Amino acid sequence: MLIIGELINTTRKSVREAVDTRSRELILQIARAQVEGGAHYLDVNCGNLIQREPAGMEWLVNIIQEEVCLPLCIDTPNPEVMEIGLSLARHGRPMVNSISAEEKRFSTVLPLIVRYKTKVIALCIEDAGVPKTVADRLRIADRLIADLTAAGVNEDDIYIDPLVKPLSTDTQFGLDVLETIRGIHTAHPEVHTICGLSNISYGLPNRRILNQTFMIQTMTAGMDAYILDPTDREMAGFLRTSMALLGQDRYCANYLKAFRSGL
Ligand code: THG
């Protein structure tokens, strides 16, 4: 299981203010908290700064790495900002978040993945838009995997994101994601699947319980990476428990460790 900490994102008001005023301490505090929560990667996203996104990314990547040694997940649709993030990354192999099957995005981001030898999140979206059916999602995933591996990317470095949308806009959507995950793992057992969890619950009350339940359901279907809040102890408890129940925790060692640490 791979956990990417989502909290360094300027859509969060406090993070936005900290980046705007270049206040290191809040960012470093969030970075440390995510490390302590067990994150393997830290997502860095300042996309809503628009023109100031390049400078924001440079500042964030530099200060985070002075404090913590985790590799970073550079979260931007802008290839120039992606390159700034990747060129400054110095702990482990960074992750590109993200490439997609849209022609322009694919052709500009692929060279960065190859040059910086990164892992990559690939979104199931193409020029015709977000796919409407499971078959379309699987077709796009197949194409992404074929084109990435043809360029020399290892299957084990690819994380397919089915793009989770709010259940409130389409009540079949949870089921579609589960079928997509099963389809990808059947056809490509070495490739990983990933998603952000909070979209599923958008527009509905008690979002936490929807996010938690959806994590357990997607894990059961084979999802093996998440972009989430690693400081959410309840979520972390469900994650450890679900892993133990799915045979991903030898001797229940991590479950027991989590129990003893109060999770
Ligand atoms: N897939 C991929 N990358 C992603 C996403 C995804 N990156 C961005 C996003 N989705 C995941 N990251 C976050 C970061 C912070 C929050 C949610 C997702 C967050 N949200 C608050 C909430 O949901 O209550 C409110 C934010 C606000 O203030 O509006 O904190 O799906 N590949």
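Counting convention: from 1, in listed order, for ligands and their atoms alike. Small disclaimer: the values here were computed from a predicted structure and weren't measured. The figures that follow rest on heavy atoms only: side chains count, while hydrogens, waters and symmetry mates do not. Residues: numbered from 1 along the sequence shown.
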Show the nearest heavy-atom pair for residues [X] and [Y], with the distance to one decimal.
X: E53; Y: C46; answer: CG-O, 3.4 Å
X: G174; Y: I200; answer: CA-CD1, 4.4 Å
X: P71; Y: R93; answer: CB-O, 3.6 Å

Counting each atom of ligand 1 from 1 as listed, which ones have a heavy atom of [X] under 4.0 Å away?
X: I121; answer: 32 (N)
X: I227; answer: 1 (N), 2 (C), 3 (N), 4 (C), 11 (C), 32 (N)
X: R207; answer: 23 (O), 24 (O)
X: S198; answer: 17 (C), 18 (C)

Would [atom] count as contacted, meaning some protein heavy atom under 4.0 Å?
atom: atom 7 (N) of ligand 1; result: yes
atom: atom 25 (C) of ligand 1; result: no
atom: atom 17 (C) of ligand 1; result: yes

With a 4.5 Å cut-off on side-chain heavy atoms, are L138 and E179 touching?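 The answer is no; the side chains never approach within 4.5 Å.
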Would a 4.5 Å heavy-atom cut-off, applied to side chains only, mark M95 and T118 as touching?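 Not touching, per the 4.5 Å side-chain cut-off.
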Chi angles and distances behind the side chain to side chain donor-acceptor pair (under 3.5 Å) call for Y116, S87: CA-CA 8 Å; Y116 292 98; S87 66; 4.7 Å; no
Do ligand 1 and N97 have nitrogen or oxygen atoms that lie under 3.5 Å from each other?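 Checking ligand 1 against N97, an N or O pair does fall under 3.5 Å apart.
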Under 3.5 Å between any N/O of D75 and any N/O of ligand 1: does that happen in this structure? yes
Residue portion contacting ligand 1 (non-hydrogen atoms closer than 4.0 Å) for V164: neither
Are D142 and R139 within salt-bridge range, i.e. N to O under 4.0 Å?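 No, D142 and R139 are not salt-bridged.
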